Amino acid sequence: MKLLVCGGAGFIGSNFVRLRLRDHGDEVVVLDKLTYAGRRENLEGLDVELVHGAIEDPEAVAKAVEGADALVNFAAETHVDRSIAEPDAFVRTHALGTYVLLEAARAAGARYLQVSTDEVYGSIAEGSFTEASPVAPSSPYSATKAGADLLVASYVHTFGLPAVICRGSNNYGPFQYPEKLIPLMVLNALHGDPLPVYGDGMQVRNWLYVEDFGRAIGHVLEHGVPGEVYNVGGPDECANMEVVRRILELTGAGEELIEHVPDRPGHDRRYSLSSDKVRALGWEPQVHFAEGLGRTVDWYREHRDWWEPIRSGDYRAYYERQYGRRLA
Ligand SMILES: NC(=O)c1ccc[n+]([C@@H]2O[C@H](COP(=O)([O-])OP(=O)(O)OC[C@H]3O[C@@H](n4cnc5c(N)ncnc54)[C@H](O)[C@@H]3O)[C@@H](O)[C@H]2O)c1
């Protein structure tokens, strides 16, 4: 299959590309704006064409989509804290960018898969969200992601575009930018920096190993019914405090590094997805949280060359603004 993967130089996109080349022999073109989160290094050694461009740029998209059988859209601004501080890029990329991609898929007669998130459903105290649950996003990040999903649904309904949506739960694994909880805590623990825990740390997430999500996206692209949404949840739930404790154990750092900081405004308490529908389609998660977290910590330990330039670059200023203290 010939794929156009938008946002393929980011965390999940690059893992997806690696998996598709390795297990399916796809031909892949990546279109990526290379924001702070998108890095050429994430695709190093892979046989792909990388086009540097934005999904909201119709000319760049029209060129990149030529000859593609399917378009998979990972391109997004993805950090909730940044969406609270500076929402404009979230609106541009998620609303305008998704619109440009849908038009391009329509013109090219290509299948379309939108990568979305459990955050569009908002928080749930008990039980799990199904695809029939109403969308009730809480942050500018999740609201603009929900808006993009609705636009995709309208292109199915109005223009008959063969599009599907995959809503994943919190991903973790190699190549994740260190602003996100797990790599942030791993790198701080390895450096002896304090581990900043929001509020009481009892926010529960439904952790999904990035390769499991990548396999689900490929599976839905091949077997999903156009017009349908598929939730893809991880096999385990875990509160942030417990995640942090496990990271301390795996890195050999001490509990005294834990530092509670004021909670994120509007922080969702719990996310949980029912994945019955995608399981019925033939996908299952393969990696439990304990195993995946161990693999992830090992990967960061062994890939200093990947994260050192990040941790010594612009990320330092971001960190200082966010947590009011300097990194070691
Ligand atoms: N990380 C998670 O836990 C998670 C969970 C579920 C769903 N998702 C979704 O998966 C997708 C990928 O997330 P991620 O964690 O890999 O994010 P990421 O921030 O690591 O990567 C995003 C990529 O998109 C690119 N990009 C941003 N704006 C762009 C634009 N306007 N045009 C072209 N490229 C652009 C960036 O350069 C980067 O390569 C997102 O749509 C996100 O909403 C993420």
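Every value quoted in this text rests on a predicted model; they were computed, and no experiment measured them. For ligands, and for the atoms within them, numbers begin at 1 and follow the listed sequence.
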Taking only non-hydrogen atoms of [X], do any sit less than 4.0 angstrom from ligand 1?
| X | result |
| --- | --- |
| Gly8 | no |
| Tyr177 | no |
| Ser14 | no |
| Cys6 | no |

Honestly curious: do Met185 and Trp307 fall in one hydrophobic cluster under the side-chain, below-4.5 Å linking rule?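 Hydrophobic grouping puts Met185 with Trp307.
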Against heavy atoms of [X], which atoms of ligand 1 measure under 4.0 Å?
| X | result |
| --- | --- |
| Ser169 | 5 (C), 6 (C) |
| Thr35 | 27 (C), 28 (N), 36 (C), 37 (O) |
| Ser116 | 6 (C), 7 (C) |
| Asn170 | 3 (O) |
| Gly53 | 33 (C) |

Just going by heavy-atom distances, which of Val232, Thr78, Asp32 is nearest to atom 25 (C) of ligand 1?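 Checking each option, the heavy atom nearest atom 25 (C) of ligand 1 is found in Asp32.
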Got the closest protein heavy atom to [atom], with its distance?
| atom | value |
| --- | --- |
| atom 40 (C) of ligand 1 | Phe74 O, 3.3 Å |
| atom 21 (O) of ligand 1 | Gly10 CA, 3.4 Å |
| atom 3 (O) of ligand 1 | Asn171 N, 2.8 Å |
| atom 10 (O) of ligand 1 | Val115 CG1, 3.3 Å |
| atom 20 (O) of ligand 1 | Phe11 N, 3.0 Å |
| atom 1 (N) of ligand 1 | Ile12 CD1, 3.7 Å |
| atom 27 (C) of ligand 1 | Ala76 O, 3.3 Å |
| atom 33 (C) of ligand 1 | Lys33 N, 3.3 Å |

Count the heavy atoms of every other residue, nucleotide or ligand shown that sit under 6.0 Å from CZ of Arg295, and state whether that count exceeds 12.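 Yes, because the 6.0 Å sphere around CZ of Arg295 holds more than 12 heavy atoms from other groups.
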Give a yes or no on whether Asp47 atom CG has more than 12 heavy-atom contacts from other residues, nucleotides or ligands under 6.0 Å away.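 Atom CG in Asp47 is not packed in, count stays at 12 or less.
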Lys/Arg-Asp/Glu bridge criterion (N-O < 4.0 Å) met for [X], [Y]:
| X | Y | answer |
| --- | --- | --- |
| Glu56 | Lys33 | yes |
| Asp149 | Arg167 | yes |
| Glu103 | Arg106 | yes |
| Lys63 | Glu49 | no |

Charged tip of Arg205 within 45° of Tyr172 ring normal and under 6.0 Å: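 No.
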Derivation of the side-chain hydrogen bond (donor to acceptor under 3.5 Å, both in side chains) call for Asn188 and Tyr319: CA-CA 11 Å; Asn188 280 20; Tyr319 190 90; 2.9 Å; yes
[X] N/O to ligand 1 N/O under 3.5 Å:
| X | value |
| --- | --- |
| Lys145 | yes |
| Thr93 | yes |
| Phe213 | no |

Is the shortest heavy-atom distance from the side chain of Glu179 to the side chain of Tyr36 under 4.5 Å?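 In short, these two side chains touch, coming nearer than 4.5 Å.
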Please lay out, stage by stage, how Gln203 and Arg264 fare under the test side-chain contact (heavy atoms from CB on, under 4.5 Å). CA-CA 11 Å; Gln203 304 85 357; Arg264 165 192 285 165; over 6 Å; no
Is the ring pair Phe129/Tyr121 parallel, tilted or perpendicular, if the boundaries are 30 and 60 degrees?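 Because their plane-to-plane angle is under 30°, the rings of Phe129 and Tyr121 count as parallel.
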Can you label the angle between the His94 ring and the Phe90 ring as parallel, tilted or perpendicular, going by 30° and 60°?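 If you compare the ring of His94 with that of Phe90, the planes turn out perpendicular.
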When you look for heavy atoms under 4.0 Å from ligand 1, do you find them on the side chain of [X], its backbone, both, or neither?
| X | result |
| --- | --- |
| Tyr141 | side chain |
| Ala89 | neither |
| Glu56 | side chain |
| Leu34 | backbone |

Could you grab the distance from atom CZ of Arg82 to atom OG of Ser139, nearest 0.5 Å is fine?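 One gets 14.5 Å once the value is rounded to the nearest 0.5 Å.
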Yes or no on salt bridge (Lys or Arg N to Asp or Glu O under 4.0 Å) for Arg246 and Glu242, after CA distance, side-chain angles and deciding distance? CA-CA 6 Å; Arg246 290 189 191 198; Glu242 174 61 20; 3.1 Å; yes
